Amino acid sequence: MAAGGHTIDALGQFELATVFGPVGASVRFSQSNLMMVVAAALILALLYFGMRAKAVVPGRLQSMAELCYDGIYSMCVDQIGHEGKRFFPFIFTLFFFILLGNLLGLVPFSFTFTSHIAVTFAMAVMVIVLVTVVALRIHGLQFFTYFFPAGAPKLLAPLIIPVEMISYLSRPVSLSIRLFANMVAGHVMFEVFASFIVMMAGAGVLGAIGAIGPLALNVVLVGFELLVAVLQAYVFAILTCIYLHDAVHLH
């Protein structure tokens, strides 16, 4: 993308680079892997330090940890049913891993690992494999009746079954692309408007005044991206709960 004789490399921020020198290069440890480790460490730190006090009247950190725990627990039970308790650790980990991946990407000089389709697709495939295994374990071969709704005319089976199977197999695609596309779009807009600010600010007094507009937009985008970061983690988790509900109750 070019503007005013300058090139805006809006997609360069998503390029992977190895960290920790030769050691990182030997195992291909990139900044994406590093941020995943940081996200996991922050989740564990919140739970450990938040619940260590075990106070009757919780402090701020303990209140936050309890709120996070209760919120995801309620989501699992409300969406899946009583059986949702079994899947709570998985949903909790999935939600906060995605949430922190989205939020850490808003920190300057950081990296958004959820902006890579390889990461989001791997999580989505993990979800659909879990859902399928749960359904087969609970219902056995009866699971395949899911692809042909009860009461449907048998003459329409050659049409309904392929459509239902394609719909089922498209779940990881929609899950992964939704998260990936939202993260990429937001960070590309950040880069574009930030580049406009730099170019206009270097064009004299009038340019500096004109740069106020892109600067204001970037400030608004920060708030919008915070909302999107939480919303996309919630959507990924709630859809996982819905898929698990279908697997447990087979409808």
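Throughout, residue positions are numbered sequentially from 1 according to the sequence presented. Please read these numbers as outputs of a predicted model, since none were measured by experiment.
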How long is the span from the [atom1] atom in [X] to the [atom2] atom in [Y], to the nearest 0.5 Å?
| X | Y | atom1 | atom2 | value |
| --- | --- | --- | --- | --- |
| L61 | E66 | CG | CD | 10.5 Å |
| I72 | I91 | CD1 | CD1 | 8.5 Å |
| S176 | F236 | OG | CZ | 7.5 Å |
| M189 | L221 | CE | CG | 5.0 Å |
| L231 | L99 | CG | CG | 11.0 Å |
| H139 | T145 | NE2 | OG1 | 8.5 Å |

Y73 ring center near F92 ring center (under 6.0 Å): no
Indicate the atoms forming the closest heavy-atom contact of [X] with [Y], along with that distance.
| X | Y | value |
| --- | --- | --- |
| S32 | L16 | CB-CD2, 3.7 Å |
| Q31 | E15 | NE2-O, 2.8 Å |
| A229 | L103 | CB-CD2, 3.7 Å |
| L46 | C68 | CD2-SG, 4.2 Å |
| T114 | I98 | CG2-O, 4.2 Å |
| Q79 | C241 | CB-CB, 3.7 Å |

Would you list the atom pairs, donor with acceptor, under 3.5 Å between side chains in residues 127-136 and any protein atom, with sequence neighbours excluded?
residue, atom, partner, partner atom, Å
T132, OG1, I128, O, 2.8
T132, OG1, Y168, OH, 2.7

Check the angle between the aromatic planes of F147 and F144 and answer parallel, tilted or perpendicular using the 30° and 60° thresholds.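 If you compare the ring of F147 with that of F144, the planes turn out tilted.
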Quick check on L44: does its CG atom have over 12 non-hydrogen neighbours (other residues, nucleotides or ligands) under 6.0 Å away?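 Atom CG in L44 is packed in, count exceeds 12.
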Please step through ring-ring contact (aromatic ring centres under 6.0 Å, His included) for the pair F113 and F97, ending with a clear verdict. CA-CA 10 Å; F113 58 79; F97 184 72; 4.9 Å; yes
Test ring-ring contact (aromatic ring centres under 6.0 Å, His included) applied to F111 - qualifying residues, sequence neighbours left out: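 For F111 the ring-ring contact (aromatic ring centres under 6.0 Å, His included) partners, ignoring immediate neighbours, are H116.
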Are [X] and [Y] joined in one hydrophobic group, where the rule is that I, L, V, M, F, W and Y side chains link up if heavy atoms are under 4.5 Å apart?
| X | Y | answer |
| --- | --- | --- |
| M126 | L100 | yes |
| L42 | Y48 | no |
| L94 | V173 | yes |
| L244 | L169 | yes |

Under the criterion side chain to side chain contact (heavy atoms under 4.5 Å, CB included), I'd like the reasoning laid out for F29 against V37: C-alpha separation, chi angles, the key distance, then a yes or no. CA-CA 11 Å; F29 192 84; V37 173; 4.2 Å; yes
Please determine whether side chain to side chain donor-acceptor pair (under 3.5 Å) holds for the pair S115 and H187, giving the CA-CA distance in whole Å, both sets of side-chain angles, and the decisive distance to 0.1 Å. CA-CA 9 Å; S115 66; H187 284 74; over 6 Å; no
Looking at N33 and S30, would you say the former's side chain and the latter's main chain have a donor-acceptor pair under 3.5 Å?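 Looks like yes, one N/O pair under 3.5 Å.
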Any sub-3.5 Å donor-acceptor pair from S170's side-chain atoms to S167's backbone N or O?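 Yes; at least one donor-acceptor contact below 3.5 Å.
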Set out, in order, the CA-CA distance, both residues' side-chain angles and the distance that settles side chain to side chain contact (heavy atoms under 4.5 Å, CB included) for V248 and F87, then state yes or no. CA-CA 11 Å; V248 171; F87 306 107; 4.0 Å; yes
